[in-house]
Amino acid sequence: MHRAGQRIDVAIDVTLLRGGKQVRARLINLSATGVNAVAAFAPGPKEAVQILWNGKALPCHVVWARANSFGLAFDRPLAPSILASFVDSAGKAD
């Protein structure tokens with residue numbers, strides 16, 4: 001799947017909500033339409049998850065997964081203000 005928006009390299013620690021459980025993950029790069037991430041246990045293809053970050057729950061779904069790496073597509077593109085908040089916090093843990 002080709003990402004519609006420009007990718008921005010980041011290093012942001014987040015929590016994923018998947019199957020009612022919270023797991024830690026790190027965002028590697030993102031755009032308004034999705035993210036690449038890594039986690040100890042990557043979610044499976046097409047799995048619905050939420051990124052919990054900075055008081056927000058961002059619904060998304062897995063579009064690919066290989067070993068510990070995976071790509072998520074946001075169910076709705078991020079608003080420019082939320083994308084800017086992610087970029088501003090890049091490199092800082094949540």
Side-chain angles (χ1 to χ4, degrees):
M1 179 176 180
H2 179 68
R3 192 174 300 172
Q6 176 186 351
R7 294 177 188 217
I8 302 164
D9 290 334
V10 295
I12 303 171
D13 293 328
V14 299
T15 300
L16 293 183
L17 182 61
R18 53 182 292 226
K21 297 183 180 177
Q22 293 185 4
V23 296
R24 301 296 294 167
R26 175 164 281 202
L27 306 184
I28 303 302
N29 67 46
L30 76 142
S31 72
T33 58
V35 301
N36 284 348
V38 294
F41 301 100
K46 300 184 181 178
E47 185 175 341
V49 300
Q50 290 184 15
I51 296 173
L52 305 178
W53 177 80
N54 203 24
K56 296 172 181 51
L58 305 169
C60 44
H61 59 278
V62 179
V63 292
W64 62 266
R66 287 187 292 278
N68 294 18
S69 300
F70 52 98
L72 302 173
F74 294 115
D75 290 352
R76 289 187 295 169
L78 294 181
S81 61
I82 295 173
L83 182 60
S85 293
F86 268 115
V87 173
D88 289 345
S89 73
K92 302 174 189 170
D94 66 353

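What you see is a predicted model; the values in this text were computed from it and never measured. Position 1 is the first residue of the sequence, and the numbers go up from there. Basis for what follows: all heavy atoms, side chains included, without hydrogens, waters or symmetry-related copies.
The structure places CG of Leu58 at 11.5 Å from CG of Leu17, a figure rounded to the nearest 0.5 Å. For the atom pair CD1 of Ile82 and NZ of Lys56, the computed distance is 5.5 Å after rounding to the nearest 0.5 Å. Interatomic distance, Gln22 CD to Leu52 CG, rounded to the nearest 0.5 Å: 5.5 Å. Atoms CG and CD, on Leu30 and Gln6 in that order, are 10.0 Å from each other to the nearest 0.5 Å. Taken from CG in Leu72 to CD in Glu47, the straight-line distance is 9.5 Å, to the nearest 0.5 Å. Atom NZ of Lys21 sits about 14.0 Å away from atom CG of Leu16, to the nearest 0.5 Å.
Phe86 is linked by a ring pair (Phe, Tyr, Trp, His ring centres under 6.0 Å) to Trp53, counting only residues two or more places apart in sequence or in another chain.
Smallest separation of non-hydrogen atoms from Cys60 and Asp75: CA-OD1, 3.5 Å. The two residues Ser31 and Phe74 have their closest heavy-atom pair at O-CE1, 3.6 Å. Between Ala39 and Ala25, the shortest heavy-atom distance links the atoms CB-CB, 4.0 Å. In plain terms, the two heavy atoms of Val49 and Pro43 that are nearest each other are CG1-CB, 4.2 Å. Looking at every heavy atom in both residues, Ile12 comes nearest to Ser89 through CD1-OG, 3.9 Å. When all heavy atoms are compared, the tightest approach of Val62 to Pro45 is CG1-CA, 3.8 Å.
Hydrophobic clustering places Val87 together with Ile51 (ILVMFWY residues linked when any side-chain heavy atoms are closer than 4.5 Å, directly or through intermediates). One hydrophobic cluster holds both Val14 and Val10 under the rule that ILVMFWY side chains link at heavy-atom gaps under 4.5 Å.
At least one side-chain heavy atom of Asp13 sits less than 4.5 Å from a side-chain heavy atom of Arg24. Using a 4.5 Å cut-off on side-chain heavy atoms (C-beta onward), Val38 and Ile28 make contact.
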Open item on the list: Between Asn36 and Ser69, does the side chain to side chain contact (heavy atoms under 4.5 Å, CB included) criterion hold? Intermediate values first, please.
Closed with: CA-CA 7 Å; Asn36 284 348; Ser69 300; over 6 Å; no
